[in-house]
Amino acid sequence: MTDLSQTNQKLYEGKAKIIYATADPEVLITYFKDDATAFNAQKKGQIAEKGMVNCKVTTHLYRLLEKQGVATHLIEQTSDREIKVKRVDIVPLEVVVRNIAAGSLCKQTSIDLGTPLSPPLVEFYYKNDDLGDPLLTRDRIAAMQITTADQLDQLVSKAQTVNTLLTNFFSDCDIILIDFKLEFGTDANGTLLLADEISPDTCRLWDKTESDPQKRVMDKDRFRQDLGNVAEGYQAVLQRIMTQVEE
Ligand code: ADP
Ligand code: MG
């Protein structure tokens with residue numbers, strides 16, 4: 001494995017990834033770690049080979065999205081745990097799309113786990129660990145001047161497109177896309193790009209062929225809820241995606 005820390009300047013170390021500079025100021029390297037956190041980093045651990053799995057899953061899904069006309073920050077995968085990406089100014093919103101109720105939606109509302117949401121919910125959370133990534137409203141986003149109303153409409157529309165494409169793709173892999181989180185940013189030309197990652201860290205994924213409510217979970221909820229076989233869940237997602245792509 002290349003050790004970028006020997007040659008490249010580390011710009012930022014987050015909870016799951018490290019961002020390195022390259023010779024081109026508009027190009028960054030994202031390094032995927034095995035570190036896992038949950039509940040705003042109150043729970044910490046490691047998931048074996050997670051970095052490799054998330055790097056590969058993100059690369060595959062972003063290529064698939066690019067082919068369908070969704071602009072992303074991905075340039076290329078450069079090693080097992082590294083992708084080269086276009087530098088963007090991250091919009092400090094986590095755009096969450098929910099097809100089936102789970103997680104905080106069930107904790108904060110009267111909606112039961114597993115309830116289908118039609119149409120899917122598109123929600124915005126403020127990307128701010130100190131504040132605990134709070135749920136925002138359109139009016140709050142406007143008051144905070146995070147985006148214009150027009151940019152927010154673009155984010156919603158892009159998130160809905162990604163949802164349609166990924167729901168269909170995962171379904172072909174016998175996986176139900178329950179919900180997921182996206183991050184967006186603007187590149188040097190001012191173009192809005194899908195950034196960050198899409199992986200079992202950032203999606204809820206249920207095995208379509210499994211009805212047991214614990215066994216069906218293939219994502220970070222295995223870690224959050226101490227369900228065991230966490231690394232195996234991640235590997236199973238990768239394996240299904242790879243098999244599907246090769247078909
Ligand atoms: P965090 O703990 O802040 O979530 P991560 O471990 O996810 O951090 O590391 C990735 C960081 O890099 C995130 O803050 C994410 O918003 C940011 N990021 C992702 N893609 C890009 C990009 N193309 N350009 C600049 N920053 C990015
Ligand atoms: Mg992150």
Side-chain angles (χ1 to χ4, degrees), residues 4-5 8-47 49-63 65-66 70-79 81-97 103-104 123-134 136 146-147 151 155 158-159 162 179-204 219-221 223-224 234:
L4 281 174
S5 59
N8 292 49
Q9 189 197 351
K10 187 195 277 194
L11 296 179
Y12 176 81
E13 176 154 8
K15 298 181 292 291
K17 302 182 291 297
I18 306 173
I19 305 290
Y20 292 99
T22 69
D24 182 341
E26 297 310 326
V27 175
L28 303 175
I29 299 274
T30 302
Y31 175 91
F32 289 76
K33 303 191 283 183
D34 286 346
D35 296 350
T37 64
F39 311 116
N40 198 22
Q42 287 171 42
K43 183 180 171 95
K44 288 189 179 135
Q46 294 238 318
I47 300 171
E49 313 227 305
K50 173 170 87 75
M52 257 181 268
V53 172
N54 285 1
C55 186
K56 224 169 189 177
V57 170
T58 294
T59 301
H60 272 282
L61 296 180
Y62 279 25
R63 280 199 194 128
L65 292 171
E66 287 274 359
V70 178
T72 80
H73 71 160
L74 178 71
I75 300 171
E76 60 176 342
Q77 185 172 0
T78 46
S79 82
R81 288 170 182 270
E82 291 160 6
I83 52 173
K84 210 182 254 186
V85 300
K86 292 177 198 155
R87 188 193 66 76
V88 296
D89 289 327
I90 292 282
V91 177
L93 294 178
E94 300 201 335
V95 182
V96 171
V97 182
S104 63
E123 302 179 328
F124 313 102
Y125 294 82
Y126 186 32
K127 197 175 145 48
N128 185 313
D129 287 340
D130 294 339
L131 297 176
D133 297 339
L136 295 179
I146 295 177
T147 67
Q151 282 168 331
L155 292 181
K158 281 178 191 284
V162 170
D179 59 35
F180 58 95
K181 179 270 294 182
L182 299 177
E183 290 182 28
F184 294 89
T186 45
D187 70 7
N189 304 317
T191 307
L192 195 60
L193 301 179
L194 180 61
D196 206 53
E197 67 176 293
I198 303 180
S199 72
D201 268 11
T202 65
C203 300
R204 283 197 174 82
D219 57 75
K220 198 161 89 173
D221 273 350
F223 170 77
R224 289 191 190 94
Y234 279 65

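Just so you know, these numbers use all the heavy atoms, side chains as well, and skip hydrogens, waters and symmetry mates. Starting from 1, each residue takes its place in the sequence as its number. Keep in mind that this is a model prediction, so the values were computed, not measured. All ligand and atom numbering here is 1-based and tracks the order in the structure.
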For ligand 1, which part of [X] has a heavy atom less than 4.0 Å away: the side chain, the backbone, both, or neither?
{"X": "Val88", "value": "both"}
{"X": "His73", "value": "side chain"}
{"X": "Leu28", "value": "side chain"}

Of Lys17, Lys15, Lys10, the residue whose pairing with Glu13 passes salt bridge (Lys or Arg N to Asp or Glu O under 4.0 Å):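 Of the listed residues Lys17, Lys15, Lys10, the salt bridge (Lys or Arg N to Asp or Glu O under 4.0 Å) partner of Glu13 is Lys10.
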Donor-acceptor contact below 3.5 Å, side chain [X] vs main chain [Y]:
{"X": "Ser199", "Y": "Val57", "result": "no"}
{"X": "Asn189", "Y": "Thr191", "result": "no"}
{"X": "Lys50", "Y": "Asp35", "result": "yes"}
{"X": "Lys220", "Y": "Thr37", "result": "yes"}

Any N/O pair Ala16/ligand 1 closer than 3.5 Å: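 Between Ala16 and ligand 1 (N or O atoms, distance only) the closest approach is under 3.5 Å.
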Ligand 1 N/O within reach of Glu197 N/O, cut-off under 3.5 Å: no
Lys84 and Glu82 ion-paired at < 4.0 Å: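 Salt bridge absent between Lys84 and Glu82.
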Identity of the nearest option to atom 10 (C) of ligand 1, non-hydrogen atoms only, from Glu13, Lys84, Lys17: Lys17
Residue pair Asp201 / Tyr234, side-chain donor-acceptor N/O under 3.5 Å: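 Yes - a donor-acceptor pair under 3.5 Å links their side chains.
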Atoms in ligand 1 with a heavy atom of Val85 nearer than 4.0 Å: 23 (N)
Atom indices of ligand 1 within 4.0 angstrom of Ile19 heavy atoms, with elements: 12 (O)
Starting from [atom], locate the nearest protein heavy atom and write down its residue, its atom name and how far away it is, to 0.1 Å.
{"atom": "atom 18 (N) of ligand 1", "value": "Ile90 CD1, 3.6 Å"}
{"atom": "atom 3 (O) of ligand 1", "value": "Tyr12 OH, 2.6 Å"}
{"atom": "atom 16 (O) of ligand 1", "value": "Glu183 OE1, 2.6 Å"}
{"atom": "atom 20 (N) of ligand 1", "value": "Asp196 N, 3.2 Å"}
{"atom": "atom 1 (P) of ligand 1", "value": "Lys15 NZ, 3.5 Å"}

Atom NZ of Lys44: over 12 foreign heavy atoms under 6.0 Å: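 No, NZ of Lys44 has 12 or fewer neighbouring heavy atoms, counting only those of other groups under 6.0 Å.
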contact_flag Lys127 ligand 1 heavy-atom lt 4.0 Å: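 Within the 4.0 Å threshold, so yes.
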Residue pair Lys127, Asp129: steps toward the salt bridge (Lys or Arg N to Asp or Glu O under 4.0 Å) verdict: CA-CA 7 Å; Lys127 197 175 145 48; Asp129 287 340; over 6 Å; no
